[in-house]
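Below is one structure, written out as structure tokens, with a few remarks after it.
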Amino acid sequence: MTQNKPRIAILASGNGTNAERLVKYFAQRSTVQVAAVMTNVATAPVIERLKPLGIAVEVRGRDEWKQPDGIARALAGSNVDLVVLAGFLAMVREPLLSAYSGRIVNLHPSLLPRHGGKGMWGMHVHEAVLASGDTQSGITIHLVTAEVDGGTIVEQHSCPVLATDTPQSLAERVHQLEYRYFPAAVERLAIEAHKQRQASKQ
């Protein structure tokens with residue numbers, strides 16, 4: 001692994017299926033290195049999920065995410081170019097926001113701005129989509145700002161909402177979009193962020 005390769009840090013709070021997909025995707029490619037995986041939940045299933053892949057998930061406590069100076073320094077010390085939120089359920093706060101301005105990406109399971117904001121995560125999103133009568137849902141890949149789910153949209157991909165859908169069946173269809181599109185989007189953003197960071201040093 002070379003230090004000239006773009007490097008990402010993955011933040012996850014739950015099962016870690018998207019984190020696992022990212023790790024496997026980049027293990028098969030020479031484009032991007034997964035430099036770190038962090039969680040804010042000591043019992044998060046992502047920890048066990050990534051063990052067979054040889055990835056140690058670092059647990060950072062709630063207080064550290066409220067004032068993430070140490071986290072920002074750790075990521076900078078690991079030469080991380082892009083921070084990837086993959087089912088991460090804590091607010092990203094200063095100084096981490098400023099340190100990685102334009103270089104933090106999130107995956108949201110709806111077509112923002114619909115069904116975004118505080119409380120809109122996981123199955124809550126799919127329940128809201130069905131309650132609203134929407135005929136389309138999907139995923140939004142967006143940059144992270146201080147406004148929850150309010151950053152610049154990078155990509156959106158849609159799927160139909162069926163009359164027979166439950167929150168679980170809709171979630172599965174949305175997951176398939178996540179697995180299909182998120183790794184390649186992260187790859188592109190990481191390469192762009194790395195080039196920008198290298199150019200800023202010259």
Side-chain angles (χ1 to χ4, degrees), residues 8 10-29 31-32 34 37-41 43-50 52-53 55 57 82-92 104-190 192:
I8 66 171
I10 301 170
L11 311 185
S13 298
N15 288 325
T17 54
N18 278 300
E20 179 183 26
R21 294 274 175 161
L22 288 168
V23 170
K24 288 181 175 179
Y25 180 86
F26 292 120
Q28 297 172 356
R29 302 171 70 82
T31 52
V32 171
V34 178
V37 182
M38 293 182 178
T39 184
N40 61 325
V41 180
T43 57
V46 65
I47 298 171
E48 293 300 320
R49 182 179 290 276
L50 295 190
L53 303 179
I55 301 293
V57 179
L82 183 74
V83 178
V84 181
L85 310 189
F88 186 65
L89 300 180
M91 287 286 293
V92 179
I104 307 175
V105 62
N106 183 48
L107 176 63
H108 185 79
S110 76
L111 297 174
L112 293 175
R114 293 189 64 75
H115 313 299
K118 187 176 181 180
M120 284 290 101
W121 56 272
M123 208 59 70
H124 299 298
V125 175
H126 307 304
E127 291 168 352
V129 170
L130 293 178
S132 73
D134 288 359
T135 59
Q136 293 280 313
S137 190
I139 62 169
T140 302
I141 300 166
H142 69 95
L143 300 181
V144 173
T145 64
E147 180 185 355
V148 178
D149 297 328
T152 300
I153 292 173
V154 176
E155 292 181 17
Q156 288 187 311
H157 301 279
S158 64
C159 63
V161 178
L162 306 179
T164 55
D165 266 330
T166 65
Q168 291 74 20
S169 64
L170 178 57
E172 181 54 37
R173 199 173 306 115
V174 170
H175 283 320
Q176 294 308 311
L177 294 177
E178 294 173 351
Y179 301 154
R180 178 177 179 182
Y181 292 107
F182 195 42
V186 168
E187 182 176 47
R188 177 171 60 81
L189 291 169
E192 290 176 359

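No hydrogens, no waters, no symmetry mates; every other heavy atom, side chains included, goes into these values.
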Exercise for review: State, yes or no, whether a side-chain contact exists between Ile139 and Phe182 at a heavy-atom distance under 4.5 Å.
Suggested key: no
Exercise for review: With sequence neighbours excluded, tell me which residues meet side chain to side chain contact (heavy atoms under 4.5 Å, CB included) with Leu162.
Suggested key: Pro160, Thr164, Asp165, Arg173
Study note, to complete from the structure: Residues Ser110 and Val125: closest non-hydrogen pair is CB-CG1, 3.5 Å
Revision key, fill the gap. Residues passing the side chain to side chain contact (heavy atoms under 4.5 Å, CB included) test with Leu111, sequence neighbours excluded, are Gln136, Gln156, Ser158
List the atom pairs, with distances to 0.1 Å, where a side-chain N or O of residues 11-19 and a protein N or O form a donor-acceptor pair under 3.5 Å, not counting sequence neighbours.
from	atom 1	to	atom 2	distance (Å)
Ser13	OG	Asn40	OD1	2.6
Ser13	OG	Leu89	N	2.8
Thr17	OG1	Tyr179	OH	3.3
Asn18	ND2	Glu178	OE1	3.0

**Study point:** Gap separating the CD1 atom of Ile8 from the CD atom of Glu187, nearest 0.5 angstrom
**Key:** 9.5 Å
Practice item. Give, for atom CG of Leu177 and atom OG1 of Thr140, the distance between the pair rounded to the nearest 0.5 Å. Key: 10.5 Å
Review point. Say you draw a straight line from CG of Leu143 to CG of Leu85; how long is it, rounded to the nearest 0.5 Å?
Key: 10.5 Å
Check your understanding: What residues form a side chain to side chain contact (heavy atoms under 4.5 Å, CB included) with Ser132, not counting sequence neighbours?
Key -> Arg114, His115, Asp134
Review point. Does some side-chain heavy atom of Val148 sit less than 4.5 Å from a side-chain heavy atom of Met91?
Key: yes
Revision key, fill the gap. To the nearest 0.5 Å, atom CD of Gln168 lies from atom NE2 of His175 at 10.0 Å
Review point. Under the ring-ring contact (aromatic ring centres under 6.0 Å, His included) rule, what pairs show up with a residue in residues 119-140, not counting sequence neighbours?
Key: Trp121-His124
Check your understanding: Does Arg49 have any side chain to side chain donor-acceptor pair (under 3.5 Å) partners at least two apart in sequence or in another chain, and if so, which?
Key -> Glu20
Point to revise | Sequence-distant partners of Phe26, ring-ring contact (aromatic ring centres under 6.0 Å, His included), two or more places apart | key: none
Check your understanding: With side chains defined as the heavy atoms from C-beta onward, is the minimum distance between Val32 and Val186 less than 4.5 Å?
Key -> no
**Study point:** For Glu127, all residues meeting salt bridge (charged side-chain N to carboxylate O under 4.0 Å, His left out), sequence neighbours excluded
**Key:** none
Point to revise | Minimum heavy-atom distance Val105-Ile141, with the two atoms named | key: CG2-CG2, 3.5 Å
Check your understanding: Do you know the tightest heavy-atom contact between Leu50 and Val57?
Key -> CD1-CG2, 3.8 Å
Practice item. Quick one: which residue pairs count as a salt bridge (charged side-chain N to carboxylate O under 4.0 Å, His left out) with a foot in residues 135-149, not counting sequence neighbours? Key: none
Point to revise | Any residue meeting side chain to side chain donor-acceptor pair (under 3.5 Å) with Glu172, in chain and number order, not counting sequence neighbours | key: Gln176
Review point. Got a sec, which residues hit ring-ring contact (aromatic ring centres under 6.0 Å, His included) with His142, two or more places apart in sequence or on another chain?
Key: none
Check your understanding: To the nearest 0.5 Å, what is the distance between CG (Leu22) and CD1 (Ile10)?
Key -> 4.5 Å
Point to revise | Atom of Leu130, atom of Pro167 and distance for their closest heavy-atom approach | key: CD1-N, 3.4 Å
Review point. Sequence neighbours excluded, which residues qualify as side chain to side chain donor-acceptor pair (under 3.5 Å) partners of Ser137?
Key: none
Exercise for review: For atom CZ of Arg180, decide whether the heavy atoms of other residues, nucleotides or ligands shown that lie under 6.0 angstrom number more than 12.
Suggested key: no
